[in-house]
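Read through the structure below, which is laid out as structure tokens, and then see the notes.
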Amino acid sequence: MYTYSDFDAAFVAERNRQFRQQVERRIDGSLTEDEFKPFRLMNGLYLQLHAYMLRVAIPYGTLRSEQMEMLAHLAETYDKGYGHFTTRQNIQYNWPELGDIPNMLDDLAKVEMHAIQTSGNTIRNVTADHFAGAAADEVADPRPVAEMIRQWSTDHPEFQALPRKFKIAVTGAQADRAVIRAHDIGLRLHEQNGELGAEVIVGGGLGRTPMIGKTIAEWVSLEDLPAYLESVVSVWNLLGRRDNKYKSRIKITVHEHGIDDIRARVADRYELVRPAYNGAHMDLFHQIAAQFGSPAFRNVPTDAYGAAYKADPVFRSWADTNLSAHKVDGYAIVQISLKAHGETPGDASAEQMRAMARIARDYGHDELRISHEQNVVLPHVHTSDLPAVHDILKAHGLATANIGLISDIIACPGMDYCALATARSIPIAQEIATRFDELKLEHEIGELKIKISGCINACGHHHVGHIGILGLDRAGVENYQVTLGGDHTETLALGDRTGPGFSAEEIVPAMERIVDTYLAHRDGPEETFLQAYRRLGMDPFKTALYGEQPSKRTKAA
Amino acid sequence: MPRPFTPKVVTANALMSGEVVYLSADDQWTPRLTEAEVLTDEAHAQLRLVEASARQSEIVGVYLADMAPTDTGPEPVHFREEFRRTGPSNYAHGKQVDL
């Protein structure tokens, strides 16, 4: 895993020193809030509904155990004993006090972490496949590329006042677990003639105007990639609309100008930018890549796993649901669900964070990942250690066997915390998970992703949920719109709206009617909800939600 | 006919703690909505907002929030203000336990 160079450490320390002074000057009255706000946003500090919120970056979702322990320390020392993992591989603290923020940032720097560019109109935390370095279907580890982009984009002088925020995601596998087509730039690493490069996808995004990203270049070599990325952001920086924040994201620029026009402009810009990259960046890249080698995998018997799998039905259920294929025989990727039924999606207590850190240290080659689906991943666990890992997880309320199931819900903080929200998300997620747990149906239902956003900005990725829920304010009352058929994978698709929204009291019964319809119409347990929806279309679900509708012909008569 | 004026309170977040606060009639910032000054006149409300906005060293994000006056004090008209005076619904944190 990457460790800071002297330059990185000095940069973060200097930045923290500057911000400490800015906080002091805000407190002593030398800075007004208008003057202070751009500084605090550059350092991840928001003002939310009930308090400040500090958003800390977890670059490409990767953590060492000591870093997870520091996140626990922050939760206990400066917050209310928990943290909230987000859909962009960040952690948010919901209750810090202004005077404590500089100390929090200094504590983070001790373990090579920061909150730089987790907010504001900059290039944000670079996200990656949460199975990076472990997945069986991986072509290349996306993290060295993501780390190179982090270094390139951090404090990049040209990109500190962009038209709007800018988000980049990277995957190096065939399956897309990083939602790359819903990012401003998505990168898919792949080889051409034996050389590693990236497909560059641009102009994707959810939010008010959801767009699926378009391929601007099929393959750009790693050597040319920074110059190419710089050209894309540079073209948008000049062209992007600053007159209307709803039209400022690159997805609108690409939509208005067309991908061919943008491609031509990027090519022109690239001619100017490329000569500045004289090869030093590749020296740096190789130094970075060398730090992302595989751990020393063990080759030992897996009998303990087989025995526990046979003997313990609880372990078996968890193993069937929460494990994924690892690239090395004898190993598994473990997903730790932060979606215990009835709890807040993505929240972990300090005690749980410490338990996960300990497991990573003792059984997981010291590596942890945070997924955009708000769960924690142990990327490298030998299967013989799984029974012990499961026992520890159980003891800390972390062994919920529901990854990919109906209660594994993505939910943004919504109006329980967020100043932008128009409705609550968390209680809706809690109620749905609790209800389907009562029904004991979720394993029968199988793969089904519900994603909930509490406003149009779509932090909860509702457009790409198999079932999406969008909370809105309809004349002073919370109202929830439902979409069906979204897909967050390499076959990315936006869901279709079912029709009028539902009240907070109606939304859980509505979910039940959708699920009942799926169960009644599916070809068999092997046909997933998404497959069934694609085959059946909206009609049976619409009927289940709103009753028999008179056909247009009948209406006309 | 101009639309009738909805009564307001001046609200903000405390600079240091971030806690939701309200402006009382005696110019104090109080964490309790019941102690907030209810502004029933539009011009007066604007004046109080301007005065409050100048108190940069005490608060952040000041604005006027719609309220319905009742015998027990102002009641939020919109659910957003209800959450601000109570706290989040997923944990017993914030005003619902602190006050």
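Keep in mind that what you see is a predicted model, and the values were worked out from it rather than measured. We name chains A, B, ... by the order of the sequence lines, and we start the count at 1 in each one.
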Less than 4.5 Å to any heavy atom of chain B: does that hold for the side chain of [X], its backbone, both, or neither?
X      : result
A:Q48  : backbone
A:L49  : both
A:Y82  : side chain
A:V477 : backbone
A:P96  : backbone

Of all heavy-atom pairs between [X] and [Y], which one has the smallest distance, and what is that distance?
X     : Y      : value
B:F79 : A:T422 : CZ-O, 3.2 Å
A:A51 : B:S17  : CB-O, 4.3 Å
B:N13 : A:H50  : ND2-C, 4.0 Å

Any chance you could measure A:E478, atom CD, to B:R80, atom CZ, to the nearest 0.5 Å?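 Spacing of CD (A:E478) from CZ (B:R80) equals 12.5 Å.
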
Rounded to the nearest 0.5 Å, what separates atom CD in B:E82 from atom CE in A:M415?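 With rounding to 0.5 Å, CD (B:E82) is 12.0 Å from CE (A:M415).
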
Residues, nucleotides or ligands: over 12 heavy atoms within 6.0 Å of B:Y63 OH: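 It does: B:Y63 OH has more than 12 such atoms within range.
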
If you tally heavy-atom pairs under 4.5 Å against chain A, which of B:R84, B:M16, B:R85, B:E19 wins?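 Winner by heavy-atom pair count: B:M16.
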
B:V60, B:I59, B:V20: which one forms the most heavy-atom pairs within less than 4.5 Å of chain A?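 The answer is B:V60.
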
Kindly determine whether A:F36 and B:L15 satisfy side-chain contact (heavy atoms from CB on, under 4.5 Å), including the steps that lead there. CA-CA 12 Å; A:F36 178 63; B:L15 175 68; over 6 Å; no

Which residues in residues 23-45 of chain B have any heavy atom lying under 4.5 Å from a heavy atom of chain A?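 Within residues 23-45 of chain B, no residue comes under 4.5 Å of chain A, counting heavy atoms only.
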
Heavy atoms only, distances under 4.5 angstrom: which of A:Q430, A:R424, A:K37, A:M53 has the most pairs with chain B? Name it, please.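 Looking at each of A:Q430, A:R424, A:K37, A:M53 in turn, A:R424 comes out on top.
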
Check the orientation of B:H93 and A:W95. Use parallel for under 30°, tilted for 30 to 60°, and perpendicular for over 60°.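 Perpendicular, since the angle between the ring planes exceeds 60°.
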
So A:D416 and B:Y91, do their side chains get closer than 4.5 Å, heavy atoms only?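 They are not in side-chain contact.
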
Within the distance-only criterion (no hydrogens, no angle test), does the side chain of B:Q56 pair as donor or acceptor with the backbone N or O of A:E33 below 3.5 angstrom?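 Answer holds: yes.
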
